[in-house]
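Fair warning: this is a prediction, and the values are worked out from it, not measured in the lab.
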Amino acid sequence: PDSTDSLQQFYQALSESLEQYNTQPTTKHASDVAALADWLKGIGRDRGLADRLRAAHAQPNIHLRISEALLSRRFSQPVNDSSPVNEMILKTHVMGTAITNGTITTDVVPNPNAAQIDIVFNGVTTTRSRGRQTPVTINSTSVANLVARKPLFLYPATITSSPTRATCNVQTTIHGITPDNRLGRKLITNIAWKRAQEQKPQTERIASGRARRRLEAKIDEQTQELLG
């Protein structure tokens, strides 16, 4: 079986099988190549070539094509969530309710190494709160515009992901400031308004950073649960 004639016949058959597989990568043609590789390895000739043939043609023989529109229809969903707010920002104890409305969609991203599908969140969180800092109480509304993207990479045998990356921009409107006592009410209110306006940019930066990190952590956690 290891004669020159036999090897010539083998390489001729291998050439024909590879040509057939490259033209039409069916299960049968892949099996023909694998069988020839096993024969070559079995007779102890050119084991390296046999292993390379096995590796190159051991890929899945099902190629699934899914349109982005179909993915979007299948996985897009609305998000409506309400959660309590209880935190300290610049020595002000803020309590209230945050309501988030948005959508989760998918985005197919060109990638030469894997099938990449990004989970994309777009939403708005509206928070109505009362901030307590002696000697006043501040009533306000904050609106946070949120965008997040979670990349998923689909390989033949596994699915991996990259960390979620989000952006957040918080804008706050102060509706009113109420002093604790009537004594010096006007003076205290004026001072509190001035201080609140001075701290507003810093407060919004802090709130934006916290909201962004919360969103990233939540999406990462939920994705990990789905992927196991």
Just wondering, do [Y] and [X] contact through their side chains at under 4.5 Å, heavy atoms?
X: Leu152; Y: Thr223; answer: yes
X: Pro163; Y: Glu216; answer: no
X: Asp180; Y: Arg132; answer: yes
X: Arg214; Y: Thr125; answer: no
X: Asn181; Y: Pro135; answer: no
X: Thr189; Y: Val136; answer: no

Measuring from [X]:[atom1] to [Y]:[atom2], what's the distance to the nearest 0.5 Å?
X: Ser208; Y: Arg213; atom1: OG; atom2: CZ; result: 10.0 Å
X: Ile99; Y: Asp81; atom1: CD1; atom2: CG; result: 9.5 Å
X: Glu204; Y: Gln171; atom1: CD; atom2: CD; result: 5.0 Å
X: Gln197; Y: Thr203; atom1: CD; atom2: OG1; result: 10.5 Å
X: Thr106; Y: Lys150; atom1: OG1; atom2: NZ; result: 15.5 Å
X: Ser161; Y: Gln224; atom1: OG; atom2: CD; result: 6.5 Å

>> I'd like to know if the side chain of Gln116 and the backbone of Pro151 have a donor-acceptor N/O pair within less than 3.5 Å.
In response: no
> Checking Asp118 side chain against Asp107 main chain: does a donor-acceptor pair fall under 3.5 Å?
Replying inline: no
Say whether [X] and [Y] are linked into one hydrophobic cluster, either directly or through other cluster members, by side-chain heavy-atom distances under 4.5 angstrom.
X: Val147; Y: Ile104; result: no
X: Leu90; Y: Ile138; result: no
X: Ile159; Y: Ile219; result: yes
X: Ile117; Y: Val120; result: no
X: Val94; Y: Val170; result: no

> Run the side chain to side chain contact (heavy atoms under 4.5 Å, CB included) check on Arg195 and Gln133 step by step: do they pass?
Replying inline: CA-CA 12 Å; Arg195 185 176 182 184; Gln133 185 179 32; 3.9 Å; yes
>> Show, in sequence, the C-alpha distance, side-chain angles and deciding distance for Trp193 and Ile174, and conclude whether the side chain to side chain contact (heavy atoms under 4.5 Å, CB included) test is met.
In response: CA-CA 9 Å; Trp193 267 106; Ile174 300 174; 3.6 Å; yes
If you compare all heavy atoms of [X] against all heavy atoms of [Y], which two are closest, and at what distance to 0.1 Å?
X: Asn139; Y: Arg130; result: OD1-CG, 3.1 Å
X: Phe121; Y: Gly102; result: CE1-CA, 4.2 Å
X: Arg149; Y: Val109; result: NH1-CG2, 4.3 Å
X: Ala114; Y: Tyr155; result: CB-CE2, 3.4 Å
X: Glu87; Y: Ile89; result: OE2-CD1, 3.6 Å
X: Ser142; Y: Thr172; result: OG-OG1, 3.1 Å

> Does NZ belonging to Lys218 count more than 12 external heavy atoms closer than 6.0 Å?
Replying inline: no
